[in-house]
Amino acid sequence: MDKQKDKVAPSRSIGSYPFAEIESKWQKRWDEQKLFRAPDFPTNPYYVLVMFAYPSGDIHMGHFRNYIVGDAIARWKMMQGHQVLHPFGWDAFGLPAEQAAIKRKLHPRDWTLNNIEMSRDTLKKVGISFDWDREVASCLPDYYKWTQWMFIKLFENGLAYRKEASVNWCSTCNTVLANEQVDSEGRCWRCEGTVTKKKLEQWFFKITAYAERLYRDIDTLPGWLESVRMMQRNWIGRSEGCRIDFTIAETGERLPIFTTRPDTVFGVTFMAIAPESDTVSRLPIPESKKAEIAAYIQRSISKSELERTMGSDEKDGVFTGCYATNPFSGEKVQLWIADYVLASYGSGTVMGVPAHDQRDFLFAKKYGIPLRVVIHPQGGQLQGSELQQAYADFGVMVNSAGFDGKAGEDAITAVTDYAAAHGIGGREINYRLRDWLVSRQRYWGCPIPIIHCPHCGPVAERIDNLPVMLPDVKDYIPKGRSPLADVPEYTNVRCPKCGGSAERDPDTMDTFVCSSWYLFRYTDSKNSEQPFAPEKAKAWLPVDIYIGGTHEHATGHLLYYRFFTKFLKDIGYLTIDEPAVRLLNHGMVLDAIGTPMSKSAGNVVSPLDVMASKGVDTTRLAMHFAAPCGKEVLWSEDGIVGVDRLVQRMYRLALVHSRDHGTREQTSYKRSDVNEETWKTYVRLNQTVKKVTEDLDKLQFNTCIAAIMEFLNDLGELDGSVPRFHAFAIQKLTQLLAPLTPHLSEEIWEMFGHAESVFKSHWPDHDSEAIEDDSITIAIQINGKLRATITVPRGSQPQLVAATARAIEPVQKHLQGREILKEIIVPGKLVNFVVR
RNA sequence: GCGAAAGUGGCGGAACUGGUAUACGCGCUGGACUUAGGAUCCAGUGGCUUCGGCCGUAGGGGUUCGAGUCCCCUCUUUCGCACCA
């Protein structure tokens with residue numbers, strides 16, 4: 001019989017895969033049939049969440065990759081019998097809208113809504129399985145009403161508060177920023193401008209009240225990337241130590257400090273206060289010193305974070321003329337102001353132990369402050385005068401009154417317990433995490449629903465008055481105060497409490513507030529009575545997999561939304577502690593030589609262009625196949641060729657084999673049904689089903705595709721002597737490919753006569769009666785080097801295999817004149833002869 | 001400086017608990033069918049080779065019958081942290 005292969009003769013009679021019409025056909029049908037509409041109360045839920053998007057009007061390769069990964073998972077879970085929630089929405093407040101408005105003389109709202117239309121159309125062309133009925137846009141009143149509700153709930157629970165503080169100010173954006181929005185080099189996350197400090201009264205969310213839970217629960221998130229977990233741990237910066245109350249010698253006022261090394265307390269030879277610390281103003285500074293100190297404080301405050309951090313070997317400060325008393329030794333030491341001390345951490349004051357802390361050491365060296373050794377290394381001695389640097393390791397306490405001889409952790413415990421027992425301190429935990437500054441002096445954001453009353457102070461807007469509508473303004477240009485402040489109709493209101501005249505807060509919220517709860521809104525996006533019904537949220541949450549750029553959000557969004565989750569649980573709206581079980585970072589898309597795509601580099605490739613010439617499914621496959629999905633991908637046109645061949649090949653095979661086979665359902669084959677070659681191929685098919693299923697579970701889309709290609713190569717070798725076998729195999733492959741090539745698979749599925757969507761079909765199970773090959777290849781090694789392979793029936797006696805191996809010619813040759821010391825036999829794998 | 005992850009053909013990348021390194025794809029070489037081929041199909045493709053083999057997973061050591069995989073050192077890259085007391 002002729003080898004039929006999958007060649008179609010004459011090939012010219014069959015056109016290539018007509019992707020354009022097939023794509024629009026199925027996109028339309030999915031829409032009409034509401035195939036991806038999620039129920040409110042699923043019985044077998046799976047929640048796939050992709051980070052919602054800023055509506056910039058187009059999509060780039062990074063978005064494309066993000067969404068096709070989510071889409072593959074959503075469609076696969078659907079075929080596995082889950083009800084899938086796969087929603088989408090728009091993070092629609094934010095700076096670019098104002099800039100566009102200024103530049104193009106458009107209202108930010110019009111610009112944004114127009115972009116949403118365009119972006120949505122684009123996503124529909126990609127055929128992403130979003131449930132568009134649940135779409136949200138954070139800039140619409142029916143959404144931001146509930147963002148305001150969140151603010152008020154936090155306010156009512158004492159977790160939203162106003163304080164004057166030294167805050168981050170970006171002079172380019174003309175607004176304040178949260179700590180999370182300033183990078184490690186002191187630059188604005190959005191414009192990269194230098195961030196300075198400004199003393200302002202602003203709204204904060206008390207995320208620090210959740211520091212311990214946020215820290216502790218990181219351990220309950222094994223499905224998150226370790227790097228993200230580490231970044232959050234670092235950001236929260238939990239540190240266990242001891243509070244020790246020194247006193248200001250002149251006034252007797254308490255001067256508490258935090259230290260992780262209370263065992264060095266007898267080595268304190270000075271104290272240092274941060275220049276910004278409130279404590280400074282309470283010091284009895286001698287007249288003669290005041291001018292010098294004021295100048296120093298002025299100088300340090302005007303330095304940027306970067307300047308203060310750079311050259312960290314250079315410590316400077318100024319002596320206040322005041323003294324502090326060590327409660328352990330009763331000794332008086334000099335009290336300095338030094339800008340290596342941070343006002344925002346601990347009490348803003350540190351005890352200076354030059355012998356055992358490198359920073360204190362450098363500082364003391366510079367100013368000739370004495371040094372006292374109070375810790376000796378185990379079994380060693382330190383000479384203070386010979387120290388070239390601080391000895392910061394653990395050791396044995398010396399020169400420490402009754403504590404001498406205590407060592408390491410015991411020493412720390414002993415001193416801490418003593419402090420607690422004598423009312424001069426005790427165990428304390430400190431966090432690096434600061435409260436979240438949420439006010440923004442910008443127009444295009446969610447209005448803060450607070451009214452400032454001269455009598456009642458800040459008062460929350462009444463819930464039934466929500467939303468506080470964002471008014472139109474003439475001028476969006478940020479001037480360093482909110483444009484809303486210039487709209488008297490907006491700001492002049494009555495106090496909800498006393499009815500007196502009052503002023504509305506003119507600021508808007510950080511857009512990260514909007515994105516801290518959108519995943520909950522999706523479970524009940526049309527609710528006009530509540531942000532979402534708790535029972536609906538309960539039915540879907542937590543998110544099973546959350547996909548996006550986890551790196552840039554590691555210590556921002558991904559911390560904020562955990563905070564909101566815990567808060568909403570505390571007030572009874574949620575039952576979960578953590579919002580998402582698994583977090584997937586889709587890697588960046590780079591150009592073919594590994595440079596990030598950017599306008600300035602001129603190497604941007606639009607997914608839309610590729611889709612237009614090759615079709616969506618080919619473009620999807622090329623992206624999936626190029627690299628495992630957590631890794632960065634080098635995008636190259638060359639990569640398309642191979643997967644395009646796969647698409648064309650599938651389509652051609654379907655054209656040929658669907659002709660007269662109809663929907664006839666063959667669920668499995670028995671060995672007796674088919675010839676040997678077909679059975680082998682059938683086994684290979686089942687192995688492929690198994691492998692693809694396992695790889696999808698591991699989100700290894702690249703190896704799924706490879707497995708399918710491999711099988712297709714094998715299928716091409718098989719003749720058509722068993723009627724309908726090819727048709728059977730192709731239908732299985734169509735299902736396996738469906739999460740990755742949804743349009744192609746739908747079309748082929750229909751060609752085979754199925755009336756329902758392939759996504760309503762049941763994901764193939766492998767036939768466990770046909771998963772193992774009849775014969776296996778055994779590697780034959782001599783001294784660990786491969787010398788031959790032999791093929792034996794599965795389950796052959798290992799000794800028999802070894803004997804066969806010994807007899808074959810290439811092995812004989814190597815064994816000639818040598819002594820076999822040992823035979824290593826790994827059943828089903830290899831035989832290794834150890835010879836001399 | 002500290003910490004973590006990684007380094008595999010010309011390229012993107014495979015390889016389960018140590019067990020046939022380089023699956024799959026691109027590219028390349030040759031061929032078939034063709035008016036044509038940027039279509040399709042077939043064969044080959046790590047390096048060296050005296051055609052027996054030898055060498056090969058960043059480099060060097062080690063453990064083992066056997067190492068891409070485990071251990072130690074070095075180099076490189078990426079990422080995070082970097083006055084947090």
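Here is how names work: the chains are called A, B, and so on, in the same order as the sequence lines, proteins then strands, and each is numbered from 1. This is a predicted model, so every value here is computed, not measured.
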Would you tabulate the nitrogen or oxygen pairs shorter than 3.5 Å linking the protein to nucleotides 9-16 of chain B?
residue, atom, partner, partner atom, Å
B/G12, O2', A/A626, O, 2.5
B/G13, OP1, A/K631, NZ, 3.2
B/G13, O3', A/N702, ND2, 3.4
B/A14, OP1, A/N702, ND2, 3.2
B/C16, N4, A/K829, NZ, 3.3

Checklist entry - So do A/H726 and A/L718 actually touch side chain to side chain, heavy atoms under 4.5 Å? => result yes
Next on the checklist: Do A/R233 and A/D219 have side chains that approach each other closer than 4.5 Å (heavy atoms only, starting at C-beta)?
Outcome noted: yes
Next on the checklist: Using atom P in both nucleotides, what's the gap between B/C11 and B/G27 to the nearest angstrom?
Outcome noted: 15 Å
Next on the checklist: Base, sugar-phosphate or nothing for A/M230? Non-hydrogen atoms, less than 4.0 Å.
Outcome noted: nothing
Next on the checklist: Looking at A/E772, is its backbone amide N or carbonyl O close enough to the side chain of A/Q687 to form a donor-acceptor pair, meaning the two atoms are under 3.5 Å apart?
Outcome noted: no
Checklist entry - For A/I708 and B/G25, what is the distance between atoms CD1 and P respectively, to the nearest whole Å? => result 12 Å
Checklist entry - Does the pair A/R229/A/E226 count as a salt bridge with the N-to-O cut at 4.0 Å? => result yes
Checklist entry - Between A/N585 and A/T550, does a side chain to side chain donor-acceptor pair (under 3.5 Å) hold up when you go through it step by step? => result CA-CA 5 Å; A/N585 182 49; A/T550 58; 3.2 Å; yes
Checklist entry - Is there side-chain contact between A/D360 and A/M351, with at least one heavy-atom pair below 4.5 Å? => result no
Please list, one pair per line, the donor and acceptor atoms closer than 3.5 Å that link side chains of residues 626-647 of chain A to other protein atoms, with sequence neighbours excluded.
residue, atom, partner, partner atom, Å
A/S636, OG, A/D638, N, 3.0
A/D644, OD1, A/T618, OG1, 3.2

Next on the checklist: What verdict does the side chain to side chain donor-acceptor pair (under 3.5 Å) test give for A/N430 and A/S239, after you've listed the backbone C-alpha separation in whole Å, the side-chain angles of each residue and the deciding distance to 0.1 Å?
Outcome noted: CA-CA 5 Å; A/N430 251 286; A/S239 172; over 6 Å; no
Next on the checklist: Between B/G7 and B/A21, how far apart are the two C1' atoms, rounded to whole Å?
Outcome noted: 16 Å
Checklist entry - According to a strict under-4.0 Å criterion, is A/N234 in side-chain N/O contact with OP1 or OP2 of B/A4? => result no
Checklist entry - For the pair made of CH2 in A/W224 and P in B/A4, what is the distance, rounded to whole Å? => result 22 Å
Checklist outcome for this item: Rounded to whole Å, CG of A/N585 lies from C1' of B/C79 at a distance of 11 Å
Checklist entry - Taking the side chain as C-beta and beyond, is there a heavy-atom pair between A/R787 and A/I780 under 4.5 Å? => result no
Next on the checklist: For the C1' atoms, the ones on B/C54 and on B/U49, what distance do you get once it is rounded to whole angstrom?
Outcome noted: 8 Å
Checklist entry - On a whole-Å scale, what distance lies between the P atoms belonging to B/C2 and B/C73? => result 13 Å
Checklist entry - Hey, are the side chains of A/L621 and A/F701 touching, using non-hydrogen atoms and a 4.5 Å cut-off? => result no
Checklist entry - To the nearest 0.5 Å, what is the distance between CG (A/L733) and CE (A/M650)? => result 5.0 Å
Checklist entry - Considering only the P atoms, how many Å lie between B/A58 and B/G53, rounded to the nearest integer? => result 27 Å
Checklist entry - In whole Å, what is the span from the CZ atom of A/R432 to the C1' atom of B/G80? => result 12 Å
Interface polar pairs with nucleotides 54-56 of chain B, N/O, under 3.5 angstrom:
residue, atom, partner, partner atom, Å
B/C54, OP1, A/R787, NH2, 3.4
B/C54, OP2, A/R787, NH1, 3.2
B/C55, OP2, A/K785, NZ, 3.2

Checklist entry - When the ring planes of A/Y391 and A/H356 are compared, do they come out parallel, tilted or perpendicular, using 30° and 60° as the limits? => result perpendicular
Checklist entry - What's the CE-C1' distance between A/M271 and B/A85, to the nearest Å? => result 11 Å
Checklist entry - B/A85 phosphate, OP1 or OP2: any side-chain N/O from A/R243 under 4.0 angstrom? => result no
Identify each atom pair where a protein N or O and an N or O of nucleotides 63-71 of chain B are less than 3.5 Å apart, giving names and distance.
residue, atom, partner, partner atom, Å
B/C65, O2', A/N832, ND2, 3.4
B/C65, O2, A/N832, ND2, 2.6

Next on the checklist: Take a 6.0 Å sphere around CZ of A/R794 and say whether it holds more than 12 heavy atoms from other residues, nucleotides or ligands.
Outcome noted: yes
Item to check | A/F270/A/F363 aromatic ring centres below 6.0 Å | outcome: yes
Item to check | Derivation and outcome, side chain to side chain donor-acceptor pair (under 3.5 Å), residues A/W235 and A/E180 | outcome: CA-CA 9 Å; A/W235 188 259; A/E180 289 77 13; 3.0 Å; yes
Checklist entry - Between atom CG in A/L655 and atom P in B/U40, what is the gap in whole Å? => result 15 Å
Next on the checklist: Could you tell me how far B/G10 sits from B/U57 if I compare only their P atoms? Round to whole Å.
Outcome noted: 13 Å
Checklist entry - Where each residue is assigned the nucleotide of RNA chain B containing its nearest heavy atom, which of A/E226 and A/D339 is assigned the position nearer the 5′ end? => result A/E226
Next on the checklist: So that I can tick it off, tell me whether A/K690 and A/E694 are bridged by a salt bridge, with the cut-off set at under 4.0 angstrom between side-chain N and carboxylate O.
Outcome noted: yes
Item to check | Nearest-angstrom distance from the residue atom CG of A/L590 to C1' of B/U78 | outcome: 12 Å
Item to check | Residue closer to the 5' end of RNA chain B, A/A343 versus A/S227 (nearest nucleotide) | outcome: A/S227
Item to check | A/S768 backbone acceptor or donor facing A/N686 side chain under 3.5 Å | outcome: no
Checklist entry - Rounded to whole angstroms, how far apart are CG on A/D695 and P on B/A23? => result 17 Å
Next on the checklist: Give me the distance, rounded to whole Å, that separates B/G80 from B/C70 when you measure between the C1' atoms they each carry.
Outcome noted: 27 Å
Checklist entry - Near RNA chain B, which residues from residues 346-357 of chain A have a heavy atom under 4.0 Å away? => result A/V350
Checklist entry - Just by modelled atom types, is the A/T208 backbone N or O under 3.5 Å from a matching donor or acceptor in the A/D435 side chain? => result yes
Checklist entry - For atom P, what is the distance between B/G59 and B/C55, given to the nearest Å? => result 15 Å
Next on the checklist: Any base atoms under 4.0 Å from A/V341, or only sugar-phosphate, or nothing? Heavy atoms, all strands.
Outcome noted: base
Next on the checklist: For Watson-Crick and G-U wobble pairs within 3.5 Å on both distances, what is RNA chain B written in dot-bracket notation, | included for inter-strand pairing?
Outcome noted: (((((((..(((......[....)))((((((.......))))))(((....)))..(((((..]....))))))))))))....
Next on the checklist: What's the separation between atom CG in A/L737 and atom CD1 in A/I708, rounded to the nearest 0.5 Å?
Outcome noted: 4.0 Å
Next on the checklist: Looking at B/A85, I'd like to know if its phosphate oxygens (OP1 or OP2) sit under 4.0 Å from a side-chain N or O belonging to A/S239.
Outcome noted: yes
Next on the checklist: Syn or anti for B/G37, given that syn means the glycosidic angle lies within 90° of 0?
Outcome noted: anti
Item to check | Phosphate contact (B/U40 OP1 or OP2) by A/R645 side-chain N/O below 4.0 Å | outcome: yes
Checklist entry - For A/T789, which contact category applies under a 4.0 Å heavy-atom criterion: base, sugar-phosphate, or nothing? => result base
